[in-house]
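Worksheet for the structure shown next.
Letters A, B, ... mirror the listed sequences (proteins, then strands); counts begin at 1.
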Number of protein chains: 2
Amino acid sequence: MARTPPTKPRKNALQARSRATVDALVEATARILVRDGFEKTSTNRIAEIAGVSVGSLYQYFPSKEALVAAVIDRHNDEIMGLVRTTLVEVADLPVDKAVRKLVTVAIEAHRINPKLHRVLAEQIPRTGQLADVEAFNREIHTLVRAYLESRRKEMRKVDVDVATFICVSTIEAVAHNTVLDHAEVLSEKMVRTLVDETTKMVVGYLR
Amino acid sequence: MARTPPTKPRKNALQARSRATVDALVEATARILVRDGFEKTSTNRIAEIAGVSVGSLYQYFPSKEALVAAVIDRHNDEIMGLVRTTLVEVADLPVDKAVRKLVTVAIEAHRINPKLHRVLAEQIPRTGQLADVEAFNREIHTLVRAYLESRRKEMRKVDVDVATFICVSTIEAVAHNTVLDHAEVLSEKMVRTLVDETTKMVVGYLR
DNA sequence: CTATAATGCGAGTGATCACTCGCTTTTTCT
DNA sequence: AGAAAAAGCGAGTGATCACTCGCATTATAG
């Protein structure tokens, strides 16, 4: 039945002490993922770095996957925080201003923790439970779609779903490749150029 | 020293018999990757499916990674075949026709073996040697860049490198998401719409 | 202060799996 | 034909690692 490892906490951390343990474990997992990569990340090592025993680890996380999932969730939450905020700010702006802000925030989001982002994107086999990424994507699509819908009159006649798909894919890809390919040598000037160009393309497309 | 597993064949297959063995191993690897995913792909299993002993496997492939790398290479070669051909065909076409063909071929390329493509993209930890993907990307960029360079007069004033980066990222992302998100339920009509729209966006951007 | 619950411990276990090695069979060479 | 090289075999090995279990320590309740 349960083909993929469970992801939910076995037990809820109630006391302050145990909450600290849980935090330390998630933090340690993120650190090891960045430092050593997914392959070299073992539960014993995580516990060690967190300054906690393996036994305690398994009090709160039923599997290694659960730990990684927690790291992913934490990272996604940070990103979604940014994105949601921006989409609210953007609601009353015309398409050109809005798109520019969205492109900017996409790049910012990827720059929150580029190393972690890279490991999560490249080294973690997305299998079973770990595909919370879908929910994440769906939310972004929904939010962007709602904005585009509300700004229909400024735009040429387009299928909103198709436009959402293309815009989100494009902006995400440019941001992703910008931050990951060009690694850390990313001048502010370069970023501005890419934001300008991408904005130009997307806005040109929408109207 | 050698931190990542070697990828080169330990021995070259000379006789017809051994060439068949090598082929069977690569083919079996691909099949198991698709059927069971990366995690459940073990060398013993690969040998079994290939109808070959583990010992023989290690005659030709020094590591499990080498086998997976061979599968990736084979798949990339198929894609690059398509892409190179298309870029030759396209050399004498105006930007709008050219972009349309490129978008089309990008989607076709992803549809060669979508299931394998998905596994390679989502489940294989890209670590060390397996980053032949970079060479692959570089070639595509070079080819596209050359085309754009040659068609400069039809285009507005753009930095060719930036334009290449944005165009390739965009087209790749749309193709990737189209084939992988919308899985197998991909009507020809939908594909045409997406090709139309993406082409419109990119062409609009270039001139 | 005592009882009970919550948290923490870490040596040990069982399973998996990449890979080796000594040997046999098949092909090629002369 | 015989010798040598190439290909093939698969039981076994050693290492890794996720996870358990019985017990110790610390916190809360009564």
Side-chain angles (χ1 to χ4, degrees), chain A residues 2-26 28-29 32-33 36-70 124-125 127-130, chain B residues 2-26 28-29 32-33 36-70 124-125 127-130:
Chain A
R3 306 306 329 281
T4 46
T7 291
K8 284 176 187 165
R10 188 163 278 183
K11 195 186 272 187
N12 278 18
L14 304 173
Q15 304 178 358
R17 184 166 57 130
S18 56
R19 256 175 276 128
T21 300
V22 169
D23 278 0
L25 285 167
V26 176
T29 305
I32 299 176
L33 281 175
D36 306 336
F38 180 72
E39 309 253 291
K40 308 213 142 198
T41 300
S42 73
T43 50
N44 286 313
R45 203 184 187 72
I46 291 171
E48 190 190 339
I49 300 290
V52 152
S53 81
V54 223
S56 297
L57 184 157
Y58 280 95
Q59 294 273 327
Y60 304 105
F61 298 92
S63 70
K64 185 189 173 182
E65 279 71 17
L67 237 0
V68 175
I124 308 242
T127 189
Q129 295 273 20
L130 296 190
Chain B
R3 306 306 329 280
T4 47
T7 292
K8 284 177 189 168
R10 186 163 276 183
K11 191 187 274 189
N12 277 16
L14 304 173
Q15 305 176 358
R17 185 167 55 131
S18 56
R19 256 175 276 128
T21 299
V22 169
D23 279 359
L25 284 167
V26 176
T29 305
I32 299 176
L33 282 175
D36 306 335
F38 181 72
E39 308 253 290
K40 307 213 143 197
T41 299
S42 74
T43 51
N44 287 314
R45 203 182 186 72
I46 291 171
E48 190 191 337
I49 299 289
V52 152
S53 80
V54 222
S56 297
L57 184 158
Y58 280 95
Q59 295 272 326
Y60 304 103
F61 297 93
S63 70
K64 184 189 173 180
E65 278 70 19
L67 236 0
V68 175
I124 310 244
T127 187
Q129 296 273 18
L130 296 192

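When the P atom of C/dC17 is taken as reference, atom NZ of B/Lys64 falls 8 Å away, rounded to whole Å. Separating the CZ atom of B/Arg45 from the C1' atom of D/dG10 is a distance of 18 Å, rounded to the nearest angstrom. Rounded to whole Å, atom P of D/dG22 lies 18 Å from atom OH of A/Tyr58. Taking atom CG of A/Leu57 as the reference point, atom C1' of D/dC19 lies 10 Å away to the nearest angstrom. Look at CD1 on A/Ile32: it is 11 Å from P on D/dA18, rounded to the nearest Å. Put simply, CG on A/Asn44 is 17 Å from P on C/dG14, counting in whole angstrom units. Distance B/Gln59 CD to D/dA5 P: 16 Å, rounded to the nearest Å.
The side chain of B/Ser42 sits closest to C/dA18 out of C/dG8, C/dC19, C/dA18.
At C/dG8, one or more side-chain N or O atoms of A/Tyr60 fall inside 4.0 Å of OP1 or OP2 (strictly under the cut-off). Under 4.0 angstrom from either OP1 or OP2 of C/dG8 there lies no side-chain N or O belonging to A/Ser53. Contact check, A/Ser63 against D/dA18: no side-chain N or O comes under 4.0 Å of OP1 or OP2. For B/Thr43, no side-chain nitrogen or oxygen approaches OP1 or OP2 of C/dC17 to under 4.0 Å. Listed pair A/Thr21 / C/dG8 meets the phosphate criterion, a side-chain N or O lying under 4.0 Å from OP1 or OP2.
Nearest-nucleotide positions on DNA chain D for A/Glu39 and B/Ser56 put B/Ser56 closer to the 5' end. Taking for each of B/Thr41 and A/Val54 the nucleotide of DNA chain C with the nearest heavy atom, the 5'-most of the two is the partner of A/Val54.
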Between protein and nucleotides 24-30 of chain C, map the contacts as a letter string: B base, S sugar-phosphate only, - none, heavy atoms under 4.0 Å, written 5' to 3'.
-> --SSS--
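At least one side-chain heavy atom of B/Ile124 sits under 4.5 Å from a side-chain heavy atom of B/Leu33.
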